Amino acid sequence: MKEEIKNYLRLDERFPHILCPGCGIGTIANILIRTFNELNLDKNNICLVSGIGCSSRIPGYIDCDTFHTLHGRAIPCAIGVKLARPYLKVIIIGGDGDILAIGLSHFIHAARRNIDLTVIIVNNYNYGMTGGQVSPTTPKGKFTYTTPYGNLEEEFNIYEISKSAGAIFFARSTTYHVTHLKKVLKKALTKKGFSVVEILSQCPTLYGRLNRLGDAVKMLEEFKNRTIDISLIKEPGEIPSDKIIIGILLDREREEYCEKYERLRKAINEKRD
Amino acid sequence: MKEEIKNYLRLDERFPHILCPGCGIGTIANILIRTFNELNLDKNNICLVSGIGCSSRIPGYIDCDTFHTLHGRAIPCAIGVKLARPYLKVIIIGGDGDILAIGLSHFIHAARRNIDLTVIIVNNYNYGMTGGQVSPTTPKGKFTYTTPYGNLEEEFNIYEISKSAGAIFFARSTTYHVTHLKKVLKKALTKKGFSVVEILSQCPTLYGRLNRLGDAVKMLEEFKNRTIDISLIKEPGEIPSDKIIIGILLDREREEYCEKYERLRKAINEKRD
Amino acid sequence: MRQLLSGNEATAIGAIKAGIRFFAGYPITPSTEIAEYMARELPKIGGVFIQMEDEIASINAVIGASASGMKAMTATSGPGFSLMQEGIGYACMAEIPCLIVNVQRGGPATGLPTKPSQSDVMQTRWGTHGDHPIVVFYPYNVLESFYLTVKAINTAYFLRVPVILLTDEIIAHMREAVELPEEVEIYQPKRKKKSPEEFLYYSEETIYDSEVAYFGEGYRIHISGLTHREDGFPTNKPEVIKRKLDRLKRKIEDNKEKLWDLEYQDIGAEVCLISYGISARTALEAKYIFEKEEKRALGYIRLKTIWPFPDKPLRALLKSAKKVIVVEMNQGQLINEIERAISPEIEIIGVQRYDGEIITPEEILAVI
Amino acid sequence: MRQLLSGNEATAIGAIKAGIRFFAGYPITPSTEIAEYMARELPKIGGVFIQMEDEIASINAVIGASASGMKAMTATSGPGFSLMQEGIGYACMAEIPCLIVNVQRGGPATGLPTKPSQSDVMQTRWGTHGDHPIVVFYPYNVLESFYLTVKAINTAYFLRVPVILLTDEIIAHMREAVELPEEVEIYQPKRKKKSPEEFLYYSEETIYDSEVAYFGEGYRIHISGLTHREDGFPTNKPEVIKRKLDRLKRKIEDNKEKLWDLEYQDIGAEVCLISYGISARTALEAKYIFEKEEKRALGYIRLKTIWPFPDKPLRALLKSAKKVIVVEMNQGQLINEIERAISPEIEIIGVQRYDGEIITPEEILAVI
Amino acid sequence: MRKEIRIAGTGGQGIIFAAIVLAEAAGIYENKYVTQIQSYGPEARGGASKADIIISDQPIYFPQTQELDILVCLSQQSLDEYVKKLKEKGTLFIDSYYCKNFNKEKIKTYAFPFSLVAKEKLGRELFANIILLGSLARFTKIVSIESLKKAISHRVAPQFLAINEKALMLGYEIDQL
Amino acid sequence: MRKEIRIAGTGGQGIIFAAIVLAEAAGIYENKYVTQIQSYGPEARGGASKADIIISDQPIYFPQTQELDILVCLSQQSLDEYVKKLKEKGTLFIDSYYCKNFNKEKIKTYAFPFSLVAKEKLGRELFANIILLGSLARFTKIVSIESLKKAISHRVAPQFLAINEKALMLGYEIDQL
Amino acid sequence: MKKFLKEEPQIYFSNDNKKIIKVIKYFCKGCGICIHFCPKKVLDWDKDFKVFAKNPNDCIACYLCELMCPDFAIFVEKEK
Amino acid sequence: MKKFLKEEPQIYFSNDNKKIIKVIKYFCKGCGICIHFCPKKVLDWDKDFKVFAKNPNDCIACYLCELMCPDFAIFVEKEK
Ligand SMILES: Cc1ncc(C[n+]2csc(CCOP(=O)(O)OP(=O)(O)O)c2C)c(N)n1
Ligand SMILES: Cc1ncc(C[n+]2csc(CCOP(=O)(O)OP(=O)(O)O)c2C)c(N)n1
Ligand code: SF4
Ligand code: SF4
Ligand code: SF4
Ligand code: SF4
Ligand code: SF4
Ligand code: SF4
Ligand SMILES: [Mg+2]
Ligand SMILES: [Mg+2]
């Protein structure tokens with residue numbers, strides 16, 4: 001194994017990891033530590049926070065401070081970490097259910113406050129860990145064990161929600177687009193403020209099987225074929241409706257919360273002097 | 001008292017109601033029942049649902065089915081009511097804290113599902129009931145008992161959030177613009193799907209006092225002076241930054257959830273026949 | 001018709017048979033199969049299944065549906081059950097019947113999601129804030145998962161209270177061959193006869209089996225989680241509050257005898273095993289091994305009703321016992337209640353396990 | 001310096017003196033003044049105050065901050081406390097110290113927001129799922145609100161557990177003239193000496209007063225709410241799980257004597273009052289009235305430690321008592337524990353009130 | 001000596017503040033035992049409707065007033081509601097500007113138009129609460145005017161100190177107006 | 001007669017389904033007492049690694065297997081892990097396509113390449129579980145092949161019935177292939 | 001629910017009796033909103049700090065007072 | 001934490017020794033992603049349904065296999 005990879009992994013008897021064969025979450029872990037490596041991030045200064053779900057198992061394998069919190073609660077826990085140790089690079093990784101169902105309110109309020117966090121949403125279109133139920137990102141009509149007749153609900157547009165909540169950065173990528181993914185993760189991790197990366201990821205065991213999408217390879221082929229990079233779109237009107245846009249969809253600046261808080265502390269103390 | 005007003009009120013020894021002198025919430029209750037009256041809504045077919053807060057006290061005074069639920073939980077409770085009795089007009093009324101802080105996730109998911117509910121958000125810029133703390137709509141820099149040095153956080157744009165969550169209707173009005181308010185409420189209540197009305201309302205006792213905004217009258221004058229109706233705006237660029245836009249900001253159609261569910265039930269049973 | 005069913009399936013079937021038409025829930029191991037069953041079946045029979053955004057939304061949607069006259073339930077496990085506590089308290093206070101199934105797994109926190117446990121027994125009683133008696137049933141096999149579900153639902157509507165069906169990972173996932181009845185007896189709440197003007201949300205005259213009206217029936221009721229009067233409107237009056245809280249207590253106190261459900265064998269024996277749920281199956285096994293080997297009887301009591309705690313029947317059953325062995329999969333929860341209930345002369349031993357493995361007959365035999 | 005302070009203010013001051021630098025909370029009557037105090041004071045001393053979007057976010061932010069080495073707390077009341085249960089369980093399991101103040105009001109549900117109550121006493125012990133011992137202190141005046149807050153925080157860090165300070169609307173809002181110390185003794189956790197490679201998140205060798213490392217210190221720790229091993233990583237191994245859960249229990253079991261705190265007078269008397277918090281003040285008043293009128297002593301015991309329940313000291317103190325009167329503002333909660341703890345020969349009477357009004361001395365005198 | 005005092009009125013009249021100042025004067029500057037509690041409406045909004053102070057030479061256990069020694073009413077409604085809680089030999093203070101109906105004979109009553117005096121002499125009604133404290137010191141001697149002054153100077157921002165002290169003295173000399 | 005049976009392998013091999021069919025055959029169509037439990041990985045993902053069936057003439061209380069009468073292993077890993085739970089006189093079934101290392105001498109062992117047969121004869125490996133049930137019926141007589149057929153026809157969608165029955169018979173006659 | 005008012009409203013007529021202003025005095029909290037926003041300055045405070053119609057003749061029946069009142073305390077009727 | 005591998009990786013060299021493909025076989029779950037997406041069809045399943053380098057000479061060191069593998073099971077090194 002390459003040293004730079006080994007450096008960021010907790011290589012012990014828990015490997016091979018618990019994820020299913022062909023699960024995209026492993027690829028995400030793989031690319032994530034490569035991003036750390038390329039950004040030269042000191043692993044002593046990274047805190048990786050997750051909730052509960054298959055995606056939330058990633059931190060346990062990565063060699064930095066890692067925080068496996070309750071289902072849906074990664075973001076408030078991460079806020080506690082960040083406010084207590086503002087110098088840490090605090091990264092949240094979690095599933096579409098974890099962050100967008102039970103944890104949605106935390107996500108939006110953290111974006112509103114613009115706290116310096118990077119949230120990586122592993123969108124595998126369903127609840128993997130509990131065995132394949134509908135999630136806020138399950139597309140309409142798709143099958144899961146709790147939508148046996150096809151999902152009635154409209155899925156979330158994570159980008160729209162992130163933007164209106166106040167995130168300063170949003171990018172989408174997939175487990176097929178590994179170099180692209182690395183690039184947008186790098187960008188997200190260098191932003192100061194609330195940044196979001198949505199990664200489409202295959203769950204062949206459940207979502208793939210229930211919707212007859214084939215194995216991991218077929219699902220990755222689909223990611224390849226159905227996506228279109230934002231940089232290739234010239235006119236907003238020209239995106240075919242069956243395409244998913246990837247790339248950096250949002251990139252802006254806004255004052256970060258910890259910095260504001262620090263400024264407040266200074267102002268109070270100056271006043272008192 | 002006029003009969004049409006009396007008809008919709010639970011006039012008993014609990015009057016005068018518990019709200020502070022000059023509180024805008026009373027005006028909202030006033031206009032709400034006039035809207036019922038003008039729409040000729042049968043009071044036996046209305047269910048008014050609220051959480052906890054000053055605003056959430058309105059239903060108790062109105063003579064229809066009323067449901068004073070837990071803090072933040074009006075929307076899921078209302079969903080239960082609506083799904084069980086789809087013929088009811090189910091209306092949620094609550095404060096900015098109730099709906100947008102502790103209840104935010106429910107709000108957004110209900111909008112995503114496009115359940116036929118009208119949500120009236122009484123935005124008084126703070127937590128009234130608990131004595132004046134910061135809320136997600138407290139403007140930056142403003143004072144409350146938990147932002148004694150001025151609020152650091154960016155406030156919510158309820159319209160943006162509602163729109164990206166999937167609401168089919170959004171309007172904003174104020175307790176000064178009583179006829180305007182009646183008009184937009186009427187419109188909201190005739191939509192089929194998830195509609196939102198944000199009402200700016202004065203809390204002279206707390207928010208007004210803490211920010212030296214004067215009494216109810218002064219605060220209403222401010223609503224008058226600081227707002228601009230969307231219908232008067234010709235070019236998007238021309239809105240002065242200190243102005244608040246009122247009026248109908250969003251009005252669209254999307255299939256409603258209960259109808260979809262009914263369709264599903266029919267489809268299943270046809271298949272079985 | 002004999003069928004092979006899991007406990008979760010039997011619970012779901014029983015719920016539908018007992019009239020449940022609304023299910024709102026959020027997936028969690030090891031309860032999820034109940035939701036999945038409901039997702040398939042409810043739309044077929046005019047019911048509603050909805051997966052909410054979390055457990056808090058779920059219990060509140062259940063409350064809303066039940067207040068609108070649709071019999072309603074949810075199912076969850078420890079973490080979700082903890083999140084539902086505030087809502088359960090609301091259902092108590094506002095007198096809204098519903099069924100909450102808690103399929104226990106190991107805790108606290110995320111704990112041991114796929115392993116059995118019986119460590120939420122005390123939480124079912126004391127999990128929410130405020131004074132709030134509660135009814136909890138606990139089945140020990142698949143067939144009983146069906147029948148106690150029906151009983152739980154009927155009880156909920158008879159008393160206008162939330163009722164909890166407590167099970168565990170083994171009882172929920174184990175499959176057995178069972179024969180279920182086509183029909184079950186369903187309690188139907190008395191429908192209001194009074195006019196909307198005279199109708200009261202609850203009347204102090206009838207504490208249970210009382211007249212009810214639902215949203216949407218022209219009664220224009222008011223439901224609140226604040227302390228309230230008979231008409232449902234808030235009050236701070238001490239005497240009214242006292243009567244209201246006494247009422248909540250009396251619903252269950254007055255019906256204790258009806259609610260208590262125990263199974264027992266050989267209670268004349270000197271040593272008696274007391275258990276419930278999965279652990280009671282081990283206890284029974286131990287009993288038969290013991291009797292075969294020792295040629296003398298071993299007492300056995302199984303609680304189907306956990307709350308209200310059956311102190312009186314236990315005391316009566318244990319009149320001649322010298323030693324009691326309480327078998328449960330936790331650090332010792334119900335043993336404390338038993339200790340308080342029975343004569344101080346009786347020696348009490350706990351056989352406890354909380355490592356995710358079920359107790360073996362040998363562990364019990366070792367302490368007899 | 002003598003000051004006029006409310007209980008909530010004294011708690012806030014005590015917390016800061018004991019090293020709290022992080023407060024995340026959500027307003028709720030009657031606890032809000034603690035948050036408001038913190039909002040004013042924490043930014044002055046390099047601390048952080050944040051009002052979160054709800055109580056769930058609050059407790060989790062507290063957990064995150066504490067795991068990062070900032071002493072952290074929150075304050076709430078019944079409804080919020082119910083919502084925090086899952087998080088409290090996490091703090092137990094993951095061994096993250098913090099302080100949770102529950103200023104009780106009437107329940108269940110929204111209940112009686114502005115009135116005193118003592119009806120969350122059992123919930124503090126059993127509110128979250130899973131097996132989880134807990135430490136709960138309960139002050140009875142403003143000065144003690146200060147000192148018990150300090151003790152609660154020191155205990156939390158000594159044992160690496162969440163500790164609950166339970167108070168009630170009266171104790172929280174009542175103002176008294178008090179003299180607070182400039183400095184208090186602060187427990188400082190042993191800092192890790194081992195290298196990151198050797199360091200364990202917890203070591204089975206030291207159950208309390210143990211070495212700790214926080215996020216951001218180069219130890220690359222892993223914290224999880226799943227059952228886990230010494231290094232923090234998840235395990236399903238029964239023997240490891242047992243040791244972990246035994247450890248959680250032993251933290252508190254082993255330190256009972258240190259944690260137990262009772263105040264008593266005239267315990268030789270035949271009749272003894274037992275109470276806590278606001279009700280203990282009534283009990284004391286009743287005692288003095290009784291003694292003045294009857295010219296004989298009336299025993300009095302006040303619990304400052306609610307959990308771990310001080311059964312042993314109670315038993316010892318009540319050796320010569322014939323009758324015990326338990327005074328509490330609920331439908332009878334701690335009385336059950338007392339019943340189990342003390343000799344069955346002693347008669348037990350409860351003086352209970354749960355209508356929002358505090359118990360009067362006359363109500364106690366009436367049953368002596 | 002245990003003295004039970006209640007100050008009552010409607011929200012916004014500064015009732016709690018008056019109670020705090022009184023408690024502080026007695027508890028801090030006269031070294032008495034004091035407790036002060038208040039009751040308020042739904043959750044925590046607005047002001048309180050009543051605030052109770054107990055002042056004693058001995059530790060105070062039961063912190064609730066049972067029979068009032070002194071009752072101060074700044075509104076008719078509070079007067080109607082609480083006057084029955086006053087001891088037979090108790091003292092009643094009322095703001096005669098707001099309380100019109102009362103039976104002066106039965107109890108020792110001091111009726112002054114505190115609010116009117118505040119408005120007329122100090123320009124703002126909100127000083128009524130401080131004025132009444134001055135009168136309380138004068139007529140009941142429950143605390144000294146000096147202690148009240150100290151308490152006020154501790155509780156009030158420097159720029160408002162002068163006017164508050166003026167209010168206090170207005171109350172102290174209210175019968176000489 | 002209490003018989004303890006374990007079917008073990010990796011996720012996706014249809015282990016629970018086989019266990020259910022077996023339990024149903026015995027419990028429903030042969031009127032035995034049965035219990036069937038399984039264990040699985042984190043939360044509920046993927047398939048199970050093992051499923052246990054107890055078949056008895058008498059009520060079954062303790063539902064956990066203690067000493068296996070029959071162990072079926074569809075993977076080497078499960079064989080390594082569970083073989084020690086087999087009774088001395090127990091019977092071992094293994095999928096010889098996946099399990100290469102085993103000690104045939106010590107215990108009564110039936111080794112057939114179920115997966116390979118499935119792939120070659122039926123085109124898809126996922127029928128291995130049904131094939132093994134056929135062999136189980138043939139060699140252990142724990143249930144009859146007729147009961148298995150009934151159970152399968154109850155559990156399988158009509159369009160897949162024929163192929164499943166074929167799989168069953170392939171297993172029943174596996175030694176004749 | 002039986003609907004009732006504890007007190008009868010105060011009634012003010014315009015001279016031509018065509019406009020009637022009713023004030024439910026015990027509902028009125030004296031916030032002054034109607035007084036301030038009445039375009040014709042018809043209303044004012046009485047000695048109890050409640051509202052009363054000082055100049056009922058000037059009323060143009062615009063209903064603003066009625067619509068803006070937070071306390072259901074003021075109603076205007078106009079003969080048609 | 002001491003880092004370790006239970007088994008040594010399998011190593012495949014190109015003929016010129018300039019490219020090395022390493023497979024940690026016990027990590028590989030045989031998902032086939034690397035096999036499918038390798039632009040040069042360098043990789044294939046072995047008899048244990050794990051991956052092996054069938055045609056190491058064809059490898060162009062594009063690292064796609066290494067980057068896409070969900071199980072940290074395959075690494076490619078190229079002499080520079
Ligand atoms: C409070 C609570 N509710 C429910 C669960 C059960 N649960 C575990 S993971 C999960 C969702 C998994 O879906 P997602 O977040 O999309 O992650 P994935 O497994 O798909 O990566 C759920 C509902 C839980 N652990 N805690
Ligand atoms: C779970 C819970 N947390 C907190 C509270 C306390 N609480 C009551 S109302 C309220 C917020 C009130 O603000 P808002 O929703 O804006 O309503 P307003 O009073 O301003 O109309 C809070 C925090 C509660 N009742 N329940
Ligand atoms: S269940 Fe799906 S998401 Fe979870 S590990 Fe398996 S493939 Fe991945
Ligand atoms: S506190 Fe504010 S919002 Fe609440 S009733 Fe008073 S004025 Fe209205
Ligand atoms: S608006 Fe209503 S409450 Fe206010 S002064 Fe006028 S009548 Fe009275
Ligand atoms: S109706 Fe119009 S003009 Fe007449 S009193 Fe009211 S606000 Fe004034
Ligand atoms: S991608 Fe990785 S796990 Fe999948 S076959 Fe290739 S080496 Fe094995
Ligand atoms: S580096 Fe590229 S060419 Fe070489 S084996 Fe991997 S995918 Fe194939
Ligand atoms: Mg997912
Ligand atoms: Mg508000």
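Note on naming: letters A, B, ... go to the chains in the order of the sequence lines (proteins, then strands), and numbering restarts at 1 for each one. None of these values were measured; they are calculated from a predicted model.
Using a 4.5 Å heavy-atom threshold, the side chains of His109(A) and Asp54(D) count as separate. With a 4.5 Å cut-off on side-chain heavy atoms, Ile63(D) and Arg73(A) do not count as touching. For the pair Ile268(A)/Arg40(D), no side-chain contact is recorded, criterion being any heavy-atom separation below 4.5 Å from C-beta on.
In plain terms, the two heavy atoms of Ser105(A) and Glu53(D) that are nearest each other are OG-CG, 3.7 Å. The two residues His68(A) and Ser224(D) make their nearest non-hydrogen contact at ND1-OG, 3.1 Å.
For Leu83(A), the parts lying near chain D are the backbone and the side chain together; criterion is any non-hydrogen pair under 4.5 Å. Residue Tyr219(D) touches chain A through its backbone alone, counting heavy-atom pairs closer than 4.5 Å. Residue Lys266(A): no heavy atom, backbone or side chain, is found under 4.5 Å from chain D. Using a 4.5 Å cut-off between heavy atoms, Leu70(A) touches chain D through backbone and side chain atoms alike.
For chain A, the option among Lys44(D), Glu217(D), Arg21(D) with the highest count of heavy-atom pairs below 4.5 Å is Lys44(D). Across Ile75(A), Ile79(A), Thr69(A), Leu48(A), the residue that shares the most heavy-atom pairs under 4.5 angstrom with chain D is Thr69(A). Comparing Gly225(D), Gly216(D), Ala57(D), Gly218(D) by how many heavy-atom pairs each has under 4.5 Å with chain A, the most go to Gly216(D).
Between the CZ atom in Phe215(D) and the SG atom in Cys77(A) there is a gap of 8.5 Å [rounded to 0.5 Å]. Distance CD1/Ile62(A) to NE2/His222(D): 11.0 Å, rounded to 0.5 Å. Note that CZ of Arg113(A) and CE of Met52(D) are 5.0 Å apart. Values are rounded to the nearest 0.5 Å. For the atom pair Leu226(D) CG and Ile52(A) CD1, the distance stands at 5.0 Å (nearest 0.5 Å). Note: Asp231(D) CG to Arg10(A) CZ = 9.0 Å, rounded to the nearest 0.5 Å.
Side-chain N or O atoms of Asp65(A) include one that pairs as donor or acceptor with a backbone N or O of Arg220(D) at under 3.5 Å.
Cation-pi check for Arg14(A) over Phe233(D) is met; the charged atom lies under 6.0 angstrom from the ring centroid and within 45 degrees of its normal.
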Checklist entry - Which is it for Ile50(D) and Tyr261(A) under the side chain to side chain contact (heavy atoms under 4.5 Å, CB included) test, yes or no, and what are the steps along the way? => result CA-CA 10 Å; Ile50(D) 185 165; Tyr261(A) 207 89; over 6 Å; no
Next on the checklist: Run Arg265(A) and Val48(D) through side chain to side chain contact (heavy atoms under 4.5 Å, CB included) and show every step you take.
Outcome noted: CA-CA 9 Å; Arg265(A) 286 198 281 227; Val48(D) 181; 3.7 Å; yes
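Heavy-atom contacts from other residues, nucleotides or ligands closer than 6.0 Å to CD of Glu205(D) number 12 or fewer. Shown here is Lys89(A), whose NZ atom has more than 12 heavy atoms of other residues, nucleotides or ligands within 6.0 Å.
Note on ring orientation: taking the six-membered ring where Trp is involved, the planes of Tyr90(D) and Phe67(A) are tilted (angle from 30° to 60°).
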